[in-house]
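Structure, as structure tokens:
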Number of protein chains: 2
Amino acid sequence: MARTAGSHSEVTGPRVRAAALRLFAQSGYAAVSMRSIAAEVGVQVGALYNYTPDKQSLLFDLMRSHLEDLLARAGTGEGDAADRLAGFVSFHIRYHHDRQDAVFIAYMELRNLSEANFQVIEGLRRRYEDLLEEILAAGVAEGSFGIADTRIATRAVIAMLTGVSTWFRESGRLTLSDVETQYRKMVLNAVRV
Amino acid sequence: MARTAGSHSEVTGPRVRAAALRLFAQSGYAAVSMRSIAAEVGVQVGALYNYTPDKQSLLFDLMRSHLEDLLARAGTGEGDAADRLAGFVSFHIRYHHDRQDAVFIAYMELRNLSEANFQVIEGLRRRYEDLLEEILAAGVAEGSFGIADTRIATRAVIAMLTGVSTWFRESGRLTLSDVETQYRKMVLNAVRV
DNA sequence: TTTGTTTCTGAACGGGCGTTCTTTTATTCT
DNA sequence: AGAATAAAAGAACGCCCGTTCAGAAACAAA
């Protein structure tokens, strides 16, 4: 038996990526076998190679598309630096909350990338950090922020925000909106003069 | 040939753990084989099982001893809440900087623990977080801190601080002391009224 | 209905995995 | 010196890995 009724490339391709995303996030890249991805899709392992040249590309493509989408959606914001920073905080928390698997992978599986692929991903991540750093620098120029080194502050803020997706649960004590409000306040306080 | 001249259990045991620590941090638990650990120690793979019942225990013991040492060294601090918080920030940054491999493992390899082992590690981590939360709660009681939810603030601060060890390099632009100073200021600002 | 193409199966490849076990050697004790 | 013990070597166990490939089944075009 080969080729189950009704199946097409346009359906299976995304399902392969979705299964890989879920399993990589759950167990880690190295612990997930191509066979387990195939099983999740409901296909034999050989069929996966119609959709990816190899396992490494599967990981890389997931990371790259996540970061490219992140960059495409992250605007530079409007208003003064404080407004723009508040907007960035809300955007980051909400965007990452909606894509916990992709976030997890993008932060945890960097060491499983080949050197060339790592450079690409690192470049994208750096571009995202630059969006925040530009806001912080504008605030310093305005005189409304009082941070000594904008690069450090950028990393501190991003680490703080990204941490949310490691513990926040919809079923928990607080709504995402509560969390967002408190983080906005903490971040704005952290960088003020 | 068996048993190289001059070797003893008290020497090899720690070397096994050190090799595992380094390799787990470098490549991830799942990607490191018992054979590669043995090679790093300079021994055949079978000899490792004189020092650990299995690979999982090796990971668990590394995490547990790291967290137990962390708890043993983290004091509750002295003075008012702001002083104690500043002390916590400095301690966390310095302690984690001195043990980057252990920190990395303790945060990245949680999902490779068995359920029972995970509960133990999670309990230890929680006790460490409680040290910080108690300081924050004291500050709120004093009226010097203005955070709505101490649990959220605890996680935010720890995520921020732990992030340092992912990017800080001795060879970089800033000294650890510079970083420490700026983080102390950012954290104290973040929680103030 | 035939032909061609796409998508999948199923088997196979060489190799690495964690772990166990027997045997050999270095050291310590008597 | 000889016996006992500790520590390591080396081989073997069954199993799973990523990847390849020939062939079969479903679909599309004629």
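The basis for the numbers below is simple: all heavy atoms, side chains too, and nothing from hydrogens, waters or symmetry mates. Chain identifiers are assigned alphabetically (A, B, ...) following the order of the sequence lines, protein sequences preceding nucleic acid strands; residue numbering begins at 1 within each chain.
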Between A:Arg73 and A:Asp69, is there a salt bridge with N-O shorter than 4.0 Å?
yes
Within the sub-3.5 Å range, which N or O atoms of nucleotides 19-21 of chain D have a protein N or O partner, and how far apart are they?
residue, atom, partner, partner atom, Å
D:dT19, OP2, A:Tyr49, OH, 2.8
D:dT19, OP2, A:Lys55, N, 3.0
D:dT19, O5', A:Tyr49, OH, 3.4
D:dT19, O4, A:Arg35, NH2, 3.4

Can you run down the salt bridge (charged side-chain N to carboxylate O under 4.0 Å, His left out) pairs that involve residues 156-173 of chain B, sequence neighbours left out, and say none if there aren't any?
A:Asp149-B:Arg173
Would you indicate, yes or no, if D:dC17 has its OP1 or OP2 atom less than 4.0 angstrom from a side-chain nitrogen or oxygen of A:Ser33?
yes
Taking OP1 and OP2 of D:dA7, is either one under 4.0 Å from a side-chain nitrogen or oxygen of B:Thr12?
no
OH of A:Tyr51 versus C1' of C:dT6: gap in Å, rounded?
9 Å
Do NZ/NE/NH1/NH2 and the carboxylate oxygens of B:Glu134 and B:Arg84 come within less than 4.0 Å?
yes
Could you work out, with salt bridge (Lys or Arg N to Asp or Glu O under 4.0 Å) as the rule, every residue matching A:Glu142, not counting sequence neighbours?
none
Given atom CD of A:Gln44 and atom P of D:dA25, what is their separation to the nearest angstrom?
15 Å
May I ask you to decide whether B:Arg64 forms a salt bridge with B:Asp61, counting only side-chain N to carboxylate O separations under 4.0 Å?
yes
Which part of the nucleic acid, if any, lies within contact of A:Val32, taking any heavy atom under 4.0 Å across all strands shown: a base, the sugar-phosphate backbone alone, or nothing?
sugar-phosphate
B:Asn50 atom CG is separated from C:dT25 atom C1', nearest whole Å, by 14 Å
Between B:Phe104 and B:His66, does the ring centroid distance fall short of 6.0 Å?
no
